[in-house]
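Report on the structure given below.
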Amino acid sequence: MPYAVNDFLRLLFGRRARLRWIHLILGGALAMPYVFVGQLVVGPAMDSRYVFNDLPLQLLSFAVGLPLAAVTAAVFPLTRPLESGAVRALCGIGADRLAHGPARTWVAKGRAAAWFTLHLGFGGIISGMSLAVPPFAGFLTALPLLVWLGGGTLVELPEPLDHTWVLALAPVAGVATMLALAGCAAVSGTLLARWAPALLGPAPEDRLAAAEARAADLAVRNRLARELHDSVGHALSAVTLQASAARRVLDTDREFVREALAAIEDTTRRTVGELDAVLGVLRDGDAPGTAPAPTLAGDLAGLLRRTRACGLRVTSTVGVDPEALPPVLSREAFRIVQEGLSNALKHAGDGTSVTLGIGITDGHLEITVENPLERAPSCRPGGGHGLRGIADRARLLGGTAEAGPERGAWRLHVRLPMKGPA
């Protein structure tokens, strides 16, 4: 039994009930300007100068003001996000169930207008009750004490109520009146909270816009992940092999160590620049990057030089003028070549012979990377991200990527259309 009483009191006076009560009071405050406008209409129409002293005229003014509130909500699209913010904060409705932006279509404006009218209607009634009921309930609760202290002179009851049983029941009536007020506020708040997602929730257009925004954000994140994997991963593989080779001949070949350290310095400096370019996208207000993205035209020779410095024997055949390639194609092709050589470095190791071919066939840029099958990239665990990134780049450009054993060698073959999707 005590648990039931506690649950009942929590339902009427708990934190959620109090916040929803505040939400209703806010609706009553928003309704006041419309009530004043309604009084300006009702007073002359009813030939009355005392609208404030007449409860029926006050209620009529309130009824006249509500349609004006609906028109306001329909005319001003920002009504929906403002009301949604109040509902999230005070009614306990999750943000994912409410619309965040202004109402754009007439259907959304109509739903927002219906909600605004309900909020102000329920809020005006509960606000009026909250102003009138507590003083009356307090008077009833204290009535026996007032009669006892005044000896019948402080409070004079009407003759039909001047009975002992009336004084005995007055405190009970006072408490019951307050409970009735709290119950009305709780029911009204619950109804508004239940109707809020239907009237303030996102329309199909809002859901489509949100889905497009999420897709665009995921696309940017995937591109950043690919850029970081390709640039930083290749640099770490190269630096690791160069440092390992330099350590092995530190006491016997100082010239090789000097070249390896110079290659490490060049690789890390270039990678820091690429990292700044990628991270620049994440900084609000920054340009897409502080350094241009590498391309086949400007960076292929340096990539081959650094890769050979790691001990990989690369034989390259370039049958196309890199300067003639579109910028996007040149940039993505460079990353594909970089990742193909990086896979050979990581999984096949130094001393491996790698054949790189770049050419044009049937309107497609073809990139081929081959190394012996016995030292293929698939022979060691831990791979997969690089090949997946290559496939993603090729697909975004409208091309294809294939990787696997072929004629005794591990072969990566990528075809990119010279004119395809950007």
Side-chain angles (χ1 to χ4, degrees), residues 1-35 62 65-66 69-70 72-73 76 78-103 108 111-143 170-203 206-207 210:
M1 187 65 178
Y3 294 104
V5 173
N6 290 336
D7 292 341
F8 177 72
L9 293 178
R10 189 180 300 110
L11 182 65
L12 296 183
F13 302 103
R15 183 177 183 274
R16 175 169 293 183
R18 296 197 305 270
L19 289 177
R20 290 178 177 176
W21 200 337
I22 293 174
H23 182 252
L24 291 166
I25 298 297
L26 177 61
L30 293 174
M32 290 306 298
Y34 301 100
V35 174
F62 181 60
L66 286 181
T72 301
F76 295 100
L78 289 177
T79 301
R80 186 174 70 169
L82 293 175
E83 285 290 311
S84 295
V87 169
R88 283 195 299 270
L90 299 175
C91 292
I93 305 299
D96 57 326
R97 303 176 63 190
L98 301 172
H100 300 281
R111 292 162 57 197
W115 165 263
F116 194 62
T117 305
L118 289 172
H119 183 200
L120 269 60
F122 278 91
I125 295 173
I126 297 300
S127 296
M129 294 174 62
S130 299
L131 289 174
V133 170
F136 178 69
F139 172 77
L140 289 179
T141 304
L143 182 59
V172 178
V175 173
T177 304
M178 283 300 300
L179 291 177
L181 171 60
C184 291
V187 171
S188 300
T190 302
L191 289 176
L192 287 181
R194 181 172 298 177
W195 293 335
L199 298 177
L200 294 178
D206 300 318
R207 293 189 178 94

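Computed from heavy atoms alone, side chains included, the values below leave out hydrogens, waters and symmetry copies. Heads up: numbering here begins at 1 and tracks the sequence. Remember, it's a predicted structure, so these values are computed and weren't measured experimentally.
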Closest heavy-atom pair and its distance - [X], [Y]:
X	Y	value
Ala86	Leu26	CB-CD2, 4.4 Å
Thr72	Thr79	O-OG1, 4.1 Å
Ala185	Leu24	O-CD1, 3.5 Å
Pro135	Leu131	CD-O, 3.4 Å
Leu78	Pro102	CD2-CG, 3.8 Å
Leu12	Gly183	CD2-CA, 3.6 Å

Show your working on side chain to side chain contact (heavy atoms under 4.5 Å, CB included) between Leu82 and Phe116 and close with a plain yes or no. CA-CA 10 Å; Leu82 293 175; Phe116 194 62; over 6 Å; no
Going through the distances and angles, do Leu30 and Glu83 end up as a side chain to side chain contact (heavy atoms under 4.5 Å, CB included)? CA-CA 11 Å; Leu30 293 174; Glu83 285 290 311; 3.9 Å; yes
So does [Y] get a backbone contact from the side chain of [X], meaning a donor-acceptor N/O pair under 3.5 Å?
X	Y	result
Arg111	Ala198	yes
Arg80	Leu200	no
His119	His23	yes
Ser84	His100	no

Gap between atom [atom2] of [Y] and atom [atom1] of [X] - 0.5 Å precision:
X	Y	atom1	atom2	value
Met178	Leu181	CE	CG	5.5 Å
Asp96	Ile93	CG	CD1	10.0 Å
Arg18	Ile25	CZ	CD1	14.0 Å
Phe122	Thr117	CZ	OG1	11.5 Å
Leu179	Leu9	CG	CG	7.5 Å

Give a yes or no on this: more than 12 heavy atoms of other residues, nucleotides or ligands lie within 6.0 Å of atom CZ of Phe76. no
Compare all side-chain heavy atoms of [X] with those of [Y] and state whether any distance is below 4.5 angstrom.
X	Y	value
Leu192	Ser188	no
Phe62	Ile125	yes
Tyr34	Leu66	no

